[in-house]
Colleague: 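Handing you a structure now.
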Amino acid sequence: CVLGPQVRVHCQSSILQLAFTQLAYQAGLTVVGEEVTGIPLITDTLAHRQRLELALCIAPEEKSLPEGLGARLGLSVSPAQLRSAVEAVIEGKTWGIAAQGQQLPNPLTESEQKILTLLGQGLRDREIAGKLCVSESTVKFHVRNILVKSRARTRFHALYLALSKGWLSL
């Protein structure tokens, strides 16, 4: 019984293989096991791709991917989003990929950008608070917000991500 558009799932990670196969079924897609040309491929590695424009790569936003890719899928993709991505790729469109040279919108406030810039200069929270004439707890509050917005684990990871996404220039 054919449910919807056909898709192939091939992931190196067995957990991702299982998760995205189940997600594809929930999205009403028909999962095929054999390699067939012209069918979109959901993968966590581009080494096993058919055609790049038919590949839906599971990758975080900060990971750079080659041009011509059909779609970028995050780990939090819903069944409806997966179906939408597969349908877009079948129609020859891209999904979840910013255009070349297009920057993602900057979610950081002016205060958060100042604090991140000072962090990039190697200053500690106390020194940042003194330069900006705010309390040290205010600096820590802004740093927590920066970590949440950038989805970083550490302040230096947040700095790296902000620089790579074009949110900040030192």
Colleague: For T138 and V134, indicate whether the former's side chain and the latter's backbone hold a donor-acceptor pair under 3.5 Å.
Modeller: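 No, T138 side chain to V134 backbone: no donor-acceptor pair under 3.5 Å.
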
Colleague: Would you check if R83 and V86 make a side-chain contact, meaning some heavy-atom pair closer than 4.5 Å?
Modeller: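 Of all side-chain heavy-atom pairs linking V86 with R83, none is under 4.5 Å.
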
Colleague: Would a 4.5 Å heavy-atom cut-off, applied to side chains only, mark L116 and L119 as touching?
Modeller: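 With C-beta onward as the side chain, the pair touches.
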
Colleague: Decide side-chain contact (heavy atoms from CB on, under 4.5 Å) for L41 and L56; before the verdict, give the C-alpha distance in whole Å, the side-chain angles of both, and the deciding distance to 0.1 Å.
Modeller: CA-CA 6 Å; L41 170 68; L56 294 91; over 6 Å; no

Colleague: With the 4.5 Å side-chain cut-off for hydrophobic clustering, are L75 and I15 part of the same group?
Modeller: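 Hydrophobic grouping puts L75 apart from I15.
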
Colleague: How many angstroms lie between atom CZ of R144 and atom CZ of R155, to the nearest 0.5 angstrom?
Modeller: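 Spacing of CZ (R144) from CZ (R155) equals 10.0 Å.
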
Colleague: Please find the pair of heavy atoms, one from A27 and one from P79, that lie closest to each other, and give the distance.
Modeller: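 Heavy atoms only, the tightest pair is CB-O, 3.1 Å.
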
Colleague: With rounding to the nearest 0.5 angstrom, report the OG to NZ distance, S135 to K140.
Modeller: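 Reported to 0.5 Å precision, the distance equals 9.5 Å.
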
Colleague: Please report the closest heavy-atom contact between L23 and S78, naming both atoms and the distance.
Modeller: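 Closest heavy-atom pair between L23 and S78: CD1-C, 4.2 Å.
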
Colleague: Kindly determine whether H157 and L161 satisfy side-chain contact (heavy atoms from CB on, under 4.5 Å), including the steps that lead there.
Modeller: CA-CA 6 Å; H157 184 217; L161 292 173; 3.7 Å; yes

Colleague: Would you please test K114 and E110 for salt bridge (Lys or Arg N to Asp or Glu O under 4.0 Å) and show each step?
Modeller: CA-CA 6 Å; K114 286 179 187 176; E110 188 176 329; 3.7 Å; yes

Colleague: Judged by atom type as modelled, is there a donor-acceptor pair below 3.5 Å linking the side chain of D44 to the main-chain atoms of Q12?
Modeller: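 Confirmed, D44 side chain pairs with Q12 backbone.
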
Colleague: Which atom pair, heavy atoms only, marks the closest approach of A158 to L147?
Modeller: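 Smallest interatomic distance, heavy atoms only, reads CB-CD2, 4.0 Å.
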
Colleague: Kindly indicate, with the supporting measurements, whether the criterion side-chain contact (heavy atoms from CB on, under 4.5 Å) is fulfilled by L29 and Q6.
Modeller: CA-CA 6 Å; L29 301 171; Q6 293 184 332; over 6 Å; no

Colleague: Distance from H10 atom NE2 to T21 atom OG1, nearest 0.5 Å?
Modeller: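 Taking NE2 in H10 and OG1 in T21, the distance rounds to 11.0 Å.
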
Colleague: Under a 3.5 Å distance rule, please check whether T30 uses its side chain to pair with a backbone N or O of G4 as donor and acceptor.
Modeller: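 It does hold such a pair.
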
Colleague: Quick test of your reading of the model: are E87 and K93 salt-bridged, counting only N-O distances below 4.0 Å?
Modeller: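 Result for this pair is no, no salt bridge flagged.
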
Colleague: Going hydrophobic residue to hydrophobic residue with side-chain gaps under 4.5 angstrom, can you get from L163 over to L108?
Modeller: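 Hydrophobic grouping puts L163 with L108.
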
Colleague: Spell out, as yes or no, whether a donor-acceptor pair under 3.5 Å connects the side chain of Q22 to the backbone of A19.
Modeller: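 No: the side chain of Q22 does not pair with the backbone of A19.
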
Colleague: First locate atom CG of N145, then atom OG1 of T109, and finally report the distance between them rounded to the nearest 0.5 Å.
Modeller: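 If I round to the nearest 0.5 Å, the distance is 7.5 Å.
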
Colleague: Between T45 and T43, do the side chains contain a donor N or O and an acceptor N or O under 3.5 Å apart?
Modeller: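 Side chains of T43 and T45: no pair found under 3.5 Å.
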
Colleague: Hey, what do you get for OH (Y25) to CG (L82), rounding to the nearest 0.5 Å?
Modeller: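 Answer rounded to 0.5 Å: 12.5 Å.
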
Colleague: Would you say that L73 contacts F20 through its side chain, given a criterion of any heavy-atom pair below 4.5 Å between the two side chains?
Modeller: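 Answer yes - side chains close enough.
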
Colleague: Report yes if some heavy atom in the side chain of V9 is under 4.5 Å from a heavy atom in the side chain of C11; otherwise report no.
Modeller: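 In contact.
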
Colleague: Side chains of C57 and R72: does their closest heavy-atom pair fall under 4.5 Å?
Modeller: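 No - every pair of side-chain heavy atoms lies 4.5 Å or more apart.
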
Colleague: For the residue pair I39 and I90, establish whether any side-chain heavy-atom pair is separated by less than 4.5 Å.
Modeller: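 Heavy-atom side-chain distance check fails, nothing below 4.5 Å.
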
Colleague: Just wondering, do V31 and R8 contact through their side chains at under 4.5 Å, heavy atoms?
Modeller: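 Side-chain contact under 4.5 Å: no.
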
Colleague: Taking it one step at a time, do T117 and L159 satisfy side-chain contact (heavy atoms from CB on, under 4.5 Å)?
Modeller: CA-CA 8 Å; T117 300; L159 180 63; over 6 Å; no

Colleague: Supply the atom-to-atom distance D125 CG to I115 CD1, rounded to the nearest 0.5 angstrom.
Modeller: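 Nearest 0.5 Å value for the CG-CD1 distance: 8.5 Å.
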
